[in-house]
There are 4 protein chains.
Amino acid sequence: MEEEDLIDELMGAAEKDLTPKQAKILQAAVEIFAEKGYASTSTSEIAKRAGVAEGTIFRHYKTKKELLISIVSPIMLKFAVPFFADKFLNDVFKEENTENLDQLIKKLIYNRYYFVKKNIPLVKILLQEMAFHAELQDKFKQMFVEKVLPRFKEVVEKFKVAEQIKDYPTETIIRLTMTTIIGFLVTRFLIIPDYNWDDEQEIEYTIEFIRNGLKNT
Amino acid sequence: MEEEDLIDELMGAAEKDLTPKQAKILQAAVEIFAEKGYASTSTSEIAKRAGVAEGTIFRHYKTKKELLISIVSPIMLKFAVPFFADKFLNDVFKEENTENLDQLIKKLIYNRYYFVKKNIPLVKILLQEMAFHAELQDKFKQMFVEKVLPRFKEVVEKFKVAEQIKDYPTETIIRLTMTTIIGFLVTRFLIIPDYNWDDEQEIEYTIEFIRNGLKNT
Amino acid sequence: MEEEDLIDELMGAAEKDLTPKQAKILQAAVEIFAEKGYASTSTSEIAKRAGVAEGTIFRHYKTKKELLISIVSPIMLKFAVPFFADKFLNDVFKEENTENLDQLIKKLIYNRYYFVKKNIPLVKILLQEMAFHAELQDKFKQMFVEKVLPRFKEVVEKFKVAEQIKDYPTETIIRLTMTTIIGFLVTRFLIIPDYNWDDEQEIEYTIEFIRNGLKNT
Amino acid sequence: MEEEDLIDELMGAAEKDLTPKQAKILQAAVEIFAEKGYASTSTSEIAKRAGVAEGTIFRHYKTKKELLISIVSPIMLKFAVPFFADKFLNDVFKEENTENLDQLIKKLIYNRYYFVKKNIPLVKILLQEMAFHAELQDKFKQMFVEKVLPRFKEVVEKFKVAEQIKDYPTETIIRLTMTTIIGFLVTRFLIIPDYNWDDEQEIEYTIEFIRNGLKNT
DNA sequence: GATGAATGAGTCTTCATTCAT
DNA sequence: TATGAATGAAGACTCATTCAT
């Protein structure tokens, strides 16, 4: 379950070559954008928190919006794509093993669970800002339609053919599944993060809920 | 299923005594807040769209934030409370009839479905701005805990006792149910409103999904 | 020789209804633009000299450039058009009197002399900024071609037909005449205004120079 | 009529020892200053067009203004001084031949004509920026008074004594002559360069105009 | 010598809010 | 009650200049 930490990656902890200043700017921007939203965040505040002159921000990002996008774009990819681009899923299919519905859902939830857990501020920004920036929505939709949806459909249909799940329209099944998973993650990490969560148990219930909700009887 | 139109109500079409100018201000504010968010909306734009002078806004609302709150507060109540403050539910209990799980869920979904359908911009504002304004969150949580949760728990426990639904923790059941309903509404009205929805069918599937997901077997 | 004072007019001393603040802004802008040029003048400096908040400037002029144009446009008209839109000229023609070459040139020079004398800063701005703003150039050319040139040509050709002036190309005659007049005014008011000028004498010489320069012999 | 190309000279194509980078900086600066004016030109733009780092400019010129002056100063000299520092003129006098008024004016015009033609951007900068920088004005006046005026006066007076030109004040004669020449050049190269000019003809007319304008009759 | 990241003062412009009318 | 001119603080962004490499 080694899931990368996106903020680190964003800041080139390993690969990219950002100046330390640029890294600090990104970090500060992520923090404050998550706290108060892009529109209510001033570049001067970002500069202050990053310990950098305001002009420095604009040396690295032509506009404030470019800074936002350079934060949101990577999360978008990392958040959505692996929903079904995981090796595990490939394995499932290779094995022609369709009895693993439970395993599959579990894998799915845990994978995204760890991702969100490690990237709460980024996910917050993603959800919050997508509402206001049409470009982000478009980017997201395109990516979703191209990379996530086709594979998701494939899987669902396989299970439908195997008569393991109900014969609902594929889109409906996808919607119900994603909604339940994302609903859990949002509740867990964004809405009531301070609740006394027993994550494993809760995930267990959620898996069962989905499985029973879709099970062909 | 006569569900009130909140915007009308907000503007006192009937009861409150708003000046026509004030009504126009509210309407304009709702439109623009929903489109671009509170923080990115200028009072001058609201004034322009409302056809009033900038000063007029501040005659009715001391600050821009007060204007936001005067919009969001009522929705919050109307959105959340009826989740379980409906007469129908009272009836269900009075009749000591616990076999109506299906009916209950259906009632629940349809009730909120019509509400959201009639109040999309307001719901958008509610969801978007709650992320940024702690006061709104607090207000919401308080209201939820006081007015919605207790009744919801009561119902769930009744069904648990009647062994109609699984013995999950009550909070988990509530979470799964609300998550699925809200997930549907958000997808339906905010994320992909342009999709070619067959609402009745989709609601039917959603009800089944919840019922099967929770059914005690 | 009652020539209006353009700055007063600009500021609506008589006709237009500018706020006093707006008048002060215009006056300050004219002063500073003339002194240091549009590009080197900051709106904050204009505001300070006008005794006004910086924001007030932008209530009246959407941008700094609009402020410039609202200053330059009127001068352009007033400076160029009367070059040959004067009643005197009409009279000259009506009388079918073409012996008045001297009178005509004299009228021309004096008319523009008083105009420039009263509007030095505005003329400075006009000359200086036209070099940098293509829009101003275009506006000027259009106006010149439509309103000044045709009448000027008409006059010149009349004198050519009457054999009072040389048979140079009309455009050349116009160029030589305007160049000499404008050259005098620029030298007199912009380049060496502090020289001990005997204006009447100098104008007399200039008239003679033009007349002899063009005289058909 | 071998007139040097000032830009080349400025950049030390031959004599001075500029690094190639420095040459590129000068060239870029001249281009952009001429296009949009000193005040509206950013050093970063100069650096970009010159293909050097921003810092490099300041290695060669302490300030942006120093860069301007290092461009304008040489033109000032080259533009004004030869107005009467030409060998031809010396010859005229040596020969005690004062009948060459025509020849003199012709020489004068052509000399400056070729100069301006080869150095349009530099002349543009000179004219445009002199309006805004008192230092440039002072430098120019000093140079004019010391180097140009005395010789010009000498010549004019010689012709006055020989009764070849009118007995106007010497300054007036100089003003009328220069005004007409410069007026031609400015019209020809800066104001309407795209007009279909027949330069030789036009110069011929201009010479005649000056000669007749000043001729003693 | 050349670089280019960093600076912070300064630029134009916006905005919520006030107040005299 | 309604207006809209006026405000000045704050916003995003630019720019000449410096300096460590």
Side-chain angles (χ1 to χ4, degrees), chain A residues 18-22 24-25 39-48 50-67, chain B residues 19-22 24-25 38-48 50-67, chain C residues 18-22 24-25 39-48 50-67, chain D residues 19-22 24-25 38-48 50-67:
Chain A
L18 304 192
T19 6
K21 303 246 169 195
Q22 194 168 355
K24 288 212 167 186
I25 290 168
S40 303
T41 300
S42 73
T43 50
S44 89
E45 193 182 353
I46 296 173
K48 209 173 291 163
V52 150
E54 208 174 343
T56 306
I57 293 175
F58 292 93
R59 173 157 293 279
H60 295 291
Y61 305 92
K62 268 203 288 293
T63 61
K64 187 186 163 196
K65 188 136 200 183
E66 196 181 297
L67 173 57
Chain B
T19 52
K21 302 245 169 197
Q22 195 166 357
K24 288 211 166 185
I25 291 168
Y38 168 81
S40 301
T41 299
S42 72
T43 49
S44 90
E45 195 182 351
I46 296 172
K48 206 175 295 163
V52 301
E54 285 200 58
T56 308
I57 293 176
F58 292 90
R59 179 152 296 281
H60 295 289
Y61 306 92
K62 265 207 291 292
T63 64
K64 187 186 163 195
K65 188 133 198 185
E66 197 181 296
L67 172 58
Chain C
L18 304 192
T19 6
K21 302 247 167 191
Q22 194 168 356
K24 289 211 167 185
I25 290 168
S40 302
T41 300
S42 73
T43 50
S44 89
E45 194 182 352
I46 297 172
K48 209 175 291 164
V52 151
E54 209 173 344
T56 306
I57 294 176
F58 292 91
R59 173 157 293 277
H60 296 289
Y61 306 92
K62 267 203 287 293
T63 62
K64 188 186 163 196
K65 188 135 198 184
E66 196 182 296
L67 173 58
Chain D
T19 53
K21 302 246 170 196
Q22 195 167 355
K24 289 213 166 185
I25 289 168
Y38 168 80
S40 302
T41 300
S42 72
T43 49
S44 91
E45 195 182 352
I46 296 172
K48 206 175 295 165
V52 301
E54 284 201 58
T56 308
I57 293 176
F58 292 91
R59 179 152 296 283
H60 295 290
Y61 306 91
K62 265 206 292 290
T63 63
K64 186 185 163 196
K65 188 135 200 183
E66 197 181 295
L67 173 58

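Numbered from 1 within each chain, the chains take letters A, B, ... in sequence-line order.
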Reported CD-to-OG distance for the pair A:E54 and A:S44, which is rounded to 0.5 angstrom:
5.0 Å
Pairing string, 5' to 3', for DNA chain F - Watson-Crick or wobble contacts under 3.5 Å, brackets [ ] where pairs cross, | to another strand
.||||||||||||||||||||
Which heavy atom in C:I57 sits nearest to a heavy atom in C:I25, and how many Å separate them?
CA-CD1, 3.8 Å
Minimum heavy-atom separation for C:K64 and C:F58, please, with both atom names.
N-CE2, 4.0 Å
Rounded to whole angstrom units, what separation is found between the OH atom of C:Y61 and the P atom of E:dT14?
16 Å
A:T56 and A:H60 have their tightest heavy-atom pair at O-CD2, 3.2 Å
Could you go through D:L67 and D:T43, starting from their C-alpha distance and side-chain angles, then the distance that decides it, and tell me whether this counts as side chain to side chain contact (heavy atoms under 4.5 Å, CB included)?
CA-CA 10 Å; D:L67 173 58; D:T43 49; 5.9 Å; no
Nearest-0.5 Å distance that lies between atom CD in B:E45 and atom OG in B:S40
10.0 Å
When the distance from NE2 of A:H60 to C1' of E:dG4 is rounded to whole Å, what number comes out?
10 Å
Distance check, rounded to the nearest 0.5 Å: C:R59 atom CZ versus C:K21 atom NZ?
12.5 Å
On a heavy-atom basis, the closest approach of C:A39 and D:A39 is CB-CB, 3.6 Å
Whole-Å gap separating P (F:dT3) and NZ (B:K24):
11 Å
Rounding to a whole Å, what distance do you find between B:Q22:CD and F:dA2:P?
8 Å
When rounded to whole Å, the CD to P distance for the pair A:E45 and F:dG11 reads 8 Å
Length of the line joining A:I46:CD1 and F:dC13:C1', which is rounded to integer Å
13 Å
Residues, nucleotides or ligands: over 12 heavy atoms within 6.0 Å of A:K65 NZ:
yes
C:K48 NZ to E:dT11 C1': how many Å, rounded?
13 Å
Treat primed atoms plus P, OP1 and OP2 as sugar-phosphate and everything else as base, then score nucleotides 16-21 of chain F 5' to 3': B for base contact with protein heavy atoms under 4.0 Å, S for sugar-phosphate contact only, - for none.
BBB---
Report the distance from atom NZ of B:K21 to atom C1' of F:dT3, rounded to the nearest whole Å.
9 Å
